[in-house]
Amino acid sequence: MDSITVPLGEVGAGMLAEAGGKAVNLGVMLAAGLPVPDGFCLTTAAYRQVATAAGLEWLLAAMESAAGETVRPSAEHGRPPGDAATAASLQHLARQARDRLAAAPVPARIERELRRAYARLGADVPVAVRSSATAEDLPEASFAGQQDTFLNVVGADALLEAVRGCWVSLWTERATAYRYANGIGQRKVRLAVVVQRMVDAAVSGVMFTANPLTGTRGQTVVDASPGLGEAVVSGAVNPDQFVVDTATGRIVERRVGDKLVQVRPLSGGGTEQLPLAAGSEPSLTDEQVRELAGLGRAAQELFGAPQDLEWTLSPAGGFALVQTRPITTLYPLPEADESTRAYLCASLLQGLTRPLTPMGLCAFETLAAAWKPAGGGSGPPPAFRYLSVGLRLFVDITPVLRSPGGRRLLPRMMKGADARSVGVLEHLMEDPRFAVARPRVPRSPAGLFRSVPQLVLLPSVLHALFRPAAALRRSRAAEREFDARLRLPEPATPAQRLDFVEQMFSREVTESLLRLLPPPAAGYLWLGVARWLLGSLVERGEVQEVLRGLPHNVTTEMDLKLWDAAAAIGRDPASAEAIRSAAPEELARAYREGTLPAEAQRRLATFLAAYGHRAVAEIDIGVPRWAEDPSHIINVIANYLRLDDPQQAPDRQFARAAAQADAKVADLVRRAEAFGPVRSRLIAYGLRRARASAGMREYPKYRLVTALAALRAQLRKVGEELAAAGSVAGAEDVFFLDLAEARVGLRGADLHGIVAGRRRTYARELRRRHIPRLILSDGTDVEAALAAAATTTAGDRLPPGTLVGAPASAGTVTGTARVILDPAGARLEPGEILVAPSTDPGWTPLFLTAGALVMEMGGPVSHGAVVAREYGIPAVVGVPDATLRIATGDTITVDGAAGTIVCSARPASS
């Protein structure tokens with residue numbers, strides 16, 4: 001027969017299913033000798049009996065049915081699955097579950113065992129009664145505050161009611177929605193109850209063994225206030241806060257809160273809130289803060305991860321730890337290193353906030369390895385070293401920060417790529433941990449090229465500067481050779497396919513792409529030369545207008561081809577009605593079956609034949625291409641069909657942008673005549689060469705995506721073989737392996753467990769909203785740390801409601817904001833202002849109907865900024881937390897020249 005109660009000291013690490021996360025963590029701390037109040041656990045066996053008697057099983061089955069197969073869809077799109085109707089259905093079913101549990105009788109055996117365990121603590125001893133769910137206080141999801149706790153419960157009858165309250169709280173709307181959003185099945189969760197001897201607390205609070213605001217692992221943050229911890233946890237007080245250097249015990253920050261109320265136990269049970277006189281004295285002494293931080297450090301070492309603890313201090317001066325859970329919001333740590341290192345997020349620089357699949361990371365690691373000297377030769381290491389942190393690419397910029405030349409070059413580069421990073425980098429340059437080190441001078445030109453292998457492009461770029469036509473011919477020849485190398489002779493074995501993929505990534509792809517870079521690089525160099533020659537004749541940012549409506553941009557050409565397809569579909573009544581009336585997923589299925597109306601089928605097939613290798617987050621080889629799932633493209637076409645203003649048509653907008661750029665070139669050349677004929681002609685030539693070549697900046701990436709799509713097809717065939725052999729569950733699982741693991745799978749290894757673990761990690765990272773643009777090896781999010789330390793900001797001197805970013809595309813537009821976190825399935829009405837975390841080419845079809853663009857990431861030459869300029873729409877980039885501070889429906893004014901967004905109105909609350 002299942003155990004009903006277990007002494008808390010006997011609850012071990014392997015008892016999650018019986019005792020739940022909270023009880024397990026308390027039991028582990030008790031066994032380790034940490035100060036935890038005595039008590040017992042009423043196990044999930046008791047809940048299971050009551051839930052069965054209450055008839056909950058059919059309700060749980062209905063919940064699972066309402067939610068559908070939600071775990072994988074939510075993982076693919078990085079947002080809670082389903083819609084408002086699904087959420088409402090779950091809430092209705094959860095309410096029924098609560099009602100049934102509240103009315104169900106408690107079996108006599110459970111009541112008898114509960115009373116007996118309580119009596120062993122003492123006659124009518126006050127206890128704290130805490131919910132302990134099997135999906136709670138876990139590394140993946142903390143469930144903090146989702147289930148109920150009852151304090152100062154006195155007497156067996158009151159204990160029985162508190163236990164029932166805990167059971168009922170498993171089905172609150174907040175707990176049900178939390179599980180739903182985190183992909184946790186409603187039928188899988190059970191509830192145990194922790195009963196602990198109540199501590200007469202003089203002071204209580206919470207403690208984080210890593211700084212939750214900055215991510216710094218070496219700091220402990222303590223919040224404290226008189227009375228029970230409920231006042232701190234519920235936010236009823238402004239507590240005292242102490243930030244402690246964990247290693248030394250030094251208090252590095254101290255803030256005394258007003259602490260105007262305290263929660264105290266009542267003599268007969270329950271609690272009350274009492275007022276406190278405001279005072280300036282902290283509720284803990286420095287020595288007590290250090291003692292508490294030591295307990296936190298012990299708990300962290302015990303569990304092997306930073307902890308969020310609740311604690312109390314008795315009137316006699318003894319500390320007790322009443323619960324602990326992992327801090328689940330911290331960004332993962334980079335690799336361990338004895339010295340402090342700085343890592344810049346390369347994924348964000350590519351406009352990618354979502355994680356990469358393991359195979360996607362493996363592809364980039366293999367590409368990066370192609371830069372290394374053959375045989376690991378001598379000489380300085382490459383200037384940039386890539387690594388994966390949180391399934392995203394980061395680059396170690398420590399050597400650059402410690403180099404005089406790097407300090408000059410990196411901020412200039414980042415002004416164009418990601419303006420928000422510049423201030424962060426300048427802050428790090430003042431940090432003594434990144435002081436300039438003695439430069440390691442290469443002994444030979446070969447050593448220099450090993451250190452900065454990108455220098456191999458220099459002769460080709462110089463050639464392209466002065467012989468652009470010849471450089472373009474060489475680039476086209478390289479492209480044809482690349483296409484030939486991407487074809488694997490058939491038939492091929494799975495092992496041969498893996499060999500081919502590895503060979504392409506380790507040698508062919510990098511070499512081929514480098515040969516495509518000189519023409520666009522020369523175009524931007526000519527733009528810089530022209531800007532320098534113009535000198536004071538131009539204002540800041542004025543020369544950038546030359547880059548509007550650029551020719552030879554494959555992404556722009558793609559978007560215009562899609563507009564042409566949409567226009568043709570709109571002229572065919574049957575096709576237009578089908579696109580407007582059905583869901584994109586249904587239309588995608590009809591397209592694959594060949595049953596769309598003829599014009600829609602033909603136009604979509606033509607577009608996908610040319611661009612079906614592209615995708616949102618397309619630099620990840622693990623992401624399905626549009627040819628595999630065209631629902632996103634169909635949704636964009638549906639958006640285009642709603643465009644009823646001919647002047648807003650994308651082709652007209654592009655033509656206007658090109659005309660404006662040509663007019664700006666003519667204007668600048670006319671001004672340059674004041675310098676004399678030689679200089680003015682050189683300026684004219686430079687501006688024309690910039691317009692002719694700069695648009696090709698997208699081409700190397702476009703060809704990389706072409707290669708990724710071709711190699712993805714090879715890997716998927718390997719996945720089919722692995723699935724047929726039973727090594728994995730499905731063909732797509734191959735993208736949650738790396739190349740070496742796929743080879744092991746071909747030899748018969750069971751990889752189901754590896755794939756399942758990787759999918760859970762991937763799904764967790766998809767839900768992460770904030771990605772640090774620059775992180776230190778101790779976990780510090782440098783930008784967040786700067787924000788936390790700042791006492792004044794430039795925004796304080798601006799009108800209320802003004803957000804500040806980096807100017808990216810001139811112009812001013814007032815319109816309705818539409819916050820979009822993922823372009824897949826997104827709807828953007830013509831003229832709405834697109835507010836996004838960042839963008840890559842998969843987003844750009846939305847630009848065609850956007851009135852303006854606001855991005856959290858990016859700089860003036862980042863992808864979104866470049867395309868916005870080409871389409872002539874105002875854009876502001878690098879706006880901190882834009883998707884949180886702007887809501888869909890807000891009326892905002894975007895000034896792309898000033899780099900400001902003014903939020904002038906917000907829709908009324910419903």
Side-chain angles (χ1 to χ4, degrees), residues 400 403-419 421-422 425-426 452 454-455 457-469 471-472 517-553 657-658 660-698 806-810 858-862 865-866 868-870 875 877-878 896-899:
V400 181
S403 158
R407 285 175 167 238
R408 290 190 298 270
L409 181 61
L410 189 58
R412 293 177 185 174
M413 293 171 57
M414 296 310 297
K415 282 180 181 178
D418 183 37
S421 297
V422 175
L425 290 168
E426 290 173 345
V452 188
Q454 293 83 353
L455 290 176
L457 290 175
L458 189 57
S460 299
V461 173
L462 292 174
H463 177 266
L465 272 174
F466 301 106
R467 298 192 62 193
L472 186 59
L517 286 172
Y524 274 95
L525 281 174
W526 271 120
L527 185 71
V529 169
R531 172 67 183 86
W532 175 69
L533 290 173
L534 283 163
S536 61
L537 287 181
V538 292
E539 298 178 3
R540 181 181 178 185
E542 193 174 6
V543 174
Q544 293 291 327
E545 296 179 35
V546 170
L547 299 182
R548 291 186 173 192
L550 287 173
H552 310 307
N553 185 314
Q660 290 167 3
D662 289 338
K664 176 57 67 175
V665 169
D667 175 44
L668 295 176
V669 171
R670 187 163 50 250
R671 292 187 223 173
E673 290 174 357
F675 292 130
V678 175
R679 189 168 176 179
S680 64
R681 288 174 185 171
L682 190 58
I683 290 171
Y685 181 81
L687 293 176
R688 287 196 299 271
R689 289 311 320 155
R691 279 198 55 75
S693 303
M696 298 176 66
R697 71 181 291 275
E698 293 281 309
S809 182
V861 299
S862 59
V866 169
R869 284 196 299 272
E870 290 180 1
V877 300

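All values derive from a computational prediction rather than experimental measurement.
Interatomic distance, Glu545 CD to Asp667 CG, rounded to the nearest 0.5 Å: 9.0 Å. Atom CD1 of Ile683 sits about 10.0 Å away from atom CH2 of Trp532, to the nearest 0.5 Å. Of the inter-residue distances, the one linking Arg681 atom CZ with Glu673 atom CD reads 10.0 Å to the nearest 0.5 angstrom. With rounding to the nearest 0.5 angstrom, the CZ atom of Arg697 is 15.5 Å from the NE2 atom of His552. In this structure, Leu668 CG and Ser680 OG are separated by 12.0 Å, a value rounded to the nearest 0.5 Å. The distance from the CG atom of Leu547 to the CZ atom of Arg691 is 8.0 Å, given to the nearest 0.5 Å.
Side chains of Val669 and Tyr685 form no contact here, defined as non-hydrogen atoms less than 4.5 Å apart. By the 4.5 Å heavy-atom criterion applied to side chains, Phe675 and Leu533 are not counted as neighbours. The closest side-chain heavy-atom distance from Leu687 to Lys664 is not below 4.5 Å.
Here the closest heavy-atom approach between residue Gly406 and residue Pro411 is recorded as O-CD, 4.0 Å. Across Leu465 and Trp526, no two heavy atoms sit closer than the pair O-NE1, 3.0 Å. Contact detail for Ser693 and Gly523: the closest heavy-atom pair is CB-CA, 3.8 Å. A pairwise comparison of heavy atoms in Ala672 and Leu534 identifies CB-CD2, 4.1 Å as the closest pair. Taking both residues in full, the closest heavy atoms of Val461 and Ala522 are given as O-CB, 4.1 Å, listed atom of the first, atom of the second, then distance.
Annotation: Arg671, atom CZ; neighbour count of heavy atoms from other residues, nucleotides and ligands within 6.0 Å is above 12.
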